[in-house]
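Working notes, structure below.
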Amino acid sequence: MLQFLTLNLSFYTRMVANRRILALDVMRGITIVGMILFNTSSGYHYAPLNHAPWIGFTLADTAFPFFMFIVGITTWLSMKKYGAVPLSSEGMRHSMLLRKILMRTFSLVLVCWAFDLVGKWLFGLARGDCALDFSHLRYTGVLVRLGVCYGVCAIAALYVKLRNFPHVIIGLLLGYFVLLLLGQGFERIPENILGIVDRALIGEVHMCNDAGIDPEGILSTIPSVAHTMLGFWVGARFFGQIVQGEDNRLRGLLFLFVVGASLLLGGFLLSGVCPVSKKIWSPTFVMITCGAATLLLALLIYYIDMYGRARRIAGFFQVFGANPLVLYLFSEAVLWPMELIKVNSDGTDLWGYIFERILVPLFDYQGGDLAFALLNVALCWLLGYVLLRKKIYIKL
């Protein structure tokens with residue numbers, strides 16, 4: 001058995017050096033499929049497909065944090081490609097790399113704002129209002145958080161040695177936990193410190209208001225940065241060991257299982273003191289989702305890249321993983337015309353018509369809701385398949 005693993009790890013070492021890492025594409029694809037499923041709802045989702053309302057944890061709460069964990073890993077891989085981890089004289093110049101990081105960070109933020117503005121403009125146009133409305137532009141959001149966390153993690157990698165990453169991560173999570181304790185951070189009330197800071201710095205009209213708290217707000221970005229840095233550290237330790245010599249290959253895979261299980265178990269054990277919540281991105285939420293993501297990555301690497309199993313399933317998810325952000329945005333944009341097109345004089349839109357007249361009679365309300373979400377997934381897959389076949393990878 002050990003000899004079999006060693007031979008497959010030797011194959012995997014060559015794969016890492018020469019082409020895209022299939023397990024990462026597949027895991028990225030799984031998270032994008034999850035985000036599309038969880039976000040496409042007619043209001044009748046099955047319970048696991050709904051986010052926990054405040055304290056708690058559901059399947060829907062895993063997709064975005066899993067994606068952020070992968071962003072941390074791919075950040076290390078991309079910086080390593082430029083010879084920047086650690087910085088070397090042969091690598092990209094420090095100032096050039098810093099500009100590249102900042103450009104990508106601002107690109108993600110600007111795309112998020114532009115996407116929001118286009119959506120508001122189209123719906124305004126349908127009401128006869130042609131003006132762009134900046135007055136209610138949401139400053140936060142999924143892509144904004146993603147861009148900020150990527151940028152902070154990548155810049156930290158230029159100045160913080162990898163062995164010190166765990167200390168920074170623990171410091172950020174502990175500091176945030178203290179902030180939550182002192183500022184009523186676990187309470188869903190307007191007096192929550194998270195909401196107070198968001199309303200003061202962003203303004204209520206520029207935030208997603210959940211009892212006065214923005215789920216992607218300013219202070220909750222602190223543990224999100226730690227989350228991405230944890231992905232960076234895990235990726236650096238694992239892929240750094242895999243490409244360095246024969247003795248560390250099996251140890252690298254075992255490392256993923258040990259770290260994943262430890263984070264998962266530790267998060268659940270500490271949940272009695274620090275409740276698990278995606279809405280405030282609590283430290284235990286970071287531990288549990290990063291632990292589960294690490295275990296999933298280990299399983300995918302073993303079964304897909306090393307053992308050669310589940311290739312057909314891998315191919316389906318790879319379509320989403322190759323162009324994740326484009327397909328995520330497309331899954332949201334494709335719903336706009338379905339909401340704008342009215343099919344009845346009573347104002348019923350195309351989305352409601354398909355749901356009520358076709359899917360509900362066939363699958364009932366919850367089944368119809370899932371069927372509609374799966375139709376959106378299938379449509380996104382078709383676009384992703386065309387892009388992948390043409391070897392088009394759209395990146396920011």
Side-chain angles (χ1 to χ4, degrees), residues 1-31 34 62-63 65-81 85-86 153 157 161-163 165-166 169-170 226-268 286-318 321-322:
M1 180 65 179
L2 184 60
Q3 183 180 9
F4 170 79
L5 283 172
T6 303
L7 288 172
N8 279 279
L9 279 162
S10 298
F11 161 77
Y12 185 62
T13 302
R14 295 192 298 274
M15 187 277 298
V16 168
N18 296 323
R19 62 184 178 88
R20 294 178 69 94
I21 301 165
L22 183 56
L24 282 177
D25 273 348
V26 171
M27 186 169 171
R28 218 175 357 228
I30 291 172
T31 64
T62 62
F66 275 28
F67 189 84
M68 288 186 59
F69 180 82
I70 300 170
V71 166
I73 295 176
T74 54
T75 298
W76 182 85
L77 290 171
S78 64
M79 294 182 75
K80 184 67 175 177
K81 179 175 65 177
V85 186
C153 177
K161 293 182 179 179
L162 184 64
R163 66 172 179 266
F165 258 55
I169 293 167
I170 293 171
H227 191 116
T228 310
M229 291 181 69
L230 187 51
F232 184 98
W233 179 78
V234 169
R237 288 292 306 275
F238 175 70
F239 291 108
Q241 289 175 345
I242 282 291
V243 296
Q244 294 174 4
E246 204 73 30
D247 296 337
N248 288 332
R249 293 170 190 157
L250 181 58
R251 189 181 304 171
L253 191 61
L254 294 176
F255 165 79
L256 290 182
F257 281 108
V258 170
V259 169
S262 300
L263 286 170
L264 194 64
L265 180 61
F268 279 117
V286 173
M287 295 175 68
I288 289 171
T289 52
C290 284
T294 305
L295 291 175
L296 177 60
L297 178 63
L299 290 172
L300 291 174
I301 287 173
Y302 177 74
Y303 280 105
I304 296 174
D305 285 315
M306 289 165 44
Y307 199 54
R309 295 274 184 98
R311 288 284 176 171
R312 289 186 178 180
I313 298 175
F316 173 82
F317 288 109
Q318 186 187 17

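What you are looking at is a predicted structure, and each value in this text was computed from that prediction instead of being measured. Note that these values count all heavy atoms, side chains included, but never hydrogens, waters or copies made by symmetry.
- Aromatic ring centres of F238 and F255: separated by at least 6.0 Å.
- Between A298 and L256, the closest heavy-atom pair is CB-CB, 3.7 Å.
- For the pair F232 and M79, the minimum side-chain heavy-atom distance is below 4.5 Å.
- With contacts defined as side-chain heavy-atom distances shorter than 4.5 Å, the pair L24/I301 does not qualify.
- When all heavy atoms of F66 and T31 are compared, the pair lying nearest together is CB-CG2, 3.4 Å.
- In plain terms, the two heavy atoms of L22 and A314 that are nearest each other are CD2-CB, 4.5 Å.
- Taken to the nearest 0.5 Å, the CG atom of L265 stands 8.5 Å off from the CE atom of M287.
- Shortest non-hydrogen contact noted between P166 and W233 is CG-NE1, 3.6 Å.
- Interatomic distance, I73 CD1 to F239 CZ, rounded to the nearest 0.5 Å: 6.0 Å.
- Residue L162 holds its CG atom at 9.5 Å from CE of M229, rounded to the nearest 0.5 Å.
- Closest non-hydrogen pair, M68 versus T228, comes out as CE-OG1, 3.4 Å.
- Here L300 pairs with A23, V26, M27, I30, L296, I304 under the side chain to side chain contact (heavy atoms under 4.5 Å, CB included) rule; sequence neighbours left out.
- The side chain to side chain contact (heavy atoms under 4.5 Å, CB included) search around L299 returns F257, Y303, not counting sequence neighbours.
- Listed by chain and number, the residues in a side chain to side chain contact (heavy atoms under 4.5 Å, CB included) with C290 are F69, H227, L230, L263, V286 (sequence neighbours excluded).
- In this structure, the side chains of F67 and V71 come closer than 4.5 Å at one or more pairs of heavy atoms.
- Nearest heavy atoms, G34 versus A63: C-CB, 4.1 Å.
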